[in-house]
Amino acid sequence: MSAQIEFSLQDQEFIALCDLLKLAGVVDSGGQAKNLIAEGYVYRNGQVETRKTAKIRADERIELDGVVIEVKA
């Protein structure tokens, strides 16, 4: 699966990484998101991110299993 998703923060300063994956529809549940993050499958700006609640801000790029999420303001 390869896809690109644009996610808008909608006037929020940031979103927790696990919430972003769930709201963008990349995972089915918050628990699944947390497991994938903890196991090192999620990349933040090209680097592995293992903090489940890392604060993701505008202009960051999140990748999981061929899906790229571009975070916008």
Side-chain angles (χ1 to χ4, degrees):
M1 179 167 131
S2 182
Q4 183 141 345
I5 299 168
E6 277 198 10
F7 184 87
S8 173
L9 290 175
Q10 300 174 345
D11 298 326
Q12 293 178 299
E13 184 182 348
F14 61 85
I15 185 169
L17 179 55
C18 58
D19 293 338
L20 171 63
L21 294 176
K22 187 172 66 173
L23 292 175
V26 179
V27 296
D28 295 327
S29 68
Q32 182 185 18
K34 290 176 181 178
N35 287 337
L36 290 168
I37 295 165
E39 291 171 13
Y41 290 107
V42 178
Y43 289 82
R44 176 185 190 178
N45 302 321
Q47 304 291 317
V48 172
E49 178 59 81
T50 57
R51 296 173 298 158
K52 300 172 190 77
T53 58
K55 294 177 179 178
I56 307 302
R57 300 175 193 278
D59 300 321
E60 292 206 78
R61 177 184 174 105
I62 305 301
E63 296 178 60
L64 171 63
D65 197 26
V67 178
V68 176
I69 304 169
E70 297 281 351
V71 181
K72 305 293 181 189

Straight-line distance of [X] [atom1] to [Y] [atom2], nearest 0.5 Å:
X     : Y     : atom1 : atom2 : value
Phe14 : Leu20 : CZ    : CG    : 13.0 Å
Glu70 : Asp59 : CD    : CG    : 9.0 Å
Ile69 : Arg44 : CD1   : CZ    : 12.5 Å
Glu63 : Arg61 : CD    : CZ    : 4.5 Å
Ile37 : Gln32 : CD1   : CD    : 10.5 Å
Lys52 : Lys34 : NZ    : NZ    : 8.0 Å

Give a yes or no on whether Lys72 atom NZ has more than 12 heavy-atom contacts from other residues, nucleotides or ligands under 6.0 Å away.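 For Lys72, atom NZ is crowded (more than 12 foreign heavy atoms under 6.0 Å).
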Check this for me: Gln47, atom CD, are more than 12 non-hydrogen atoms of other residues, nucleotides or ligands nearer than 6.0 Å?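 No, the 6.0 Å shell around CD holds no more than 12 heavy atoms from other groups.
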Taking C-beta and beyond as the side chain, do [X] and [Y] meet within less than 4.5 Å on heavy atoms?
X     : Y     : value
Glu49 : Leu17 : yes
Tyr43 : Leu64 : no
Asp65 : Tyr41 : no
Val26 : Ile62 : no

Exam field: side chain Glu60 to backbone Ile56, donor-acceptor pair closer than 3.5 Å: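 It does not hold such a pair.
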Without swapping roles, check the side chain of Ser8 against the backbone of Ala73 for a donor-acceptor pair under 3.5 Å.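 Here the side-chain-to-backbone pair exists.
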Taking all heavy atoms of Ala33 and all of Cys18, pick out the closest pair and write down the distance.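 Heavy atoms of Ala33 and Cys18 come nearest at CB-O, 3.7 Å.
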Minimum heavy-atom distance Ala58-Leu9, with the two atoms named: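 The pair with the smallest heavy-atom distance is N-CD1, 3.4 Å.
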Check for me, please, whether Val71 and Val68 land in the same ILVMFWY cluster - side-chain distances under 4.5 Å, paths through other members count.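 Result: no, two separate clusters.
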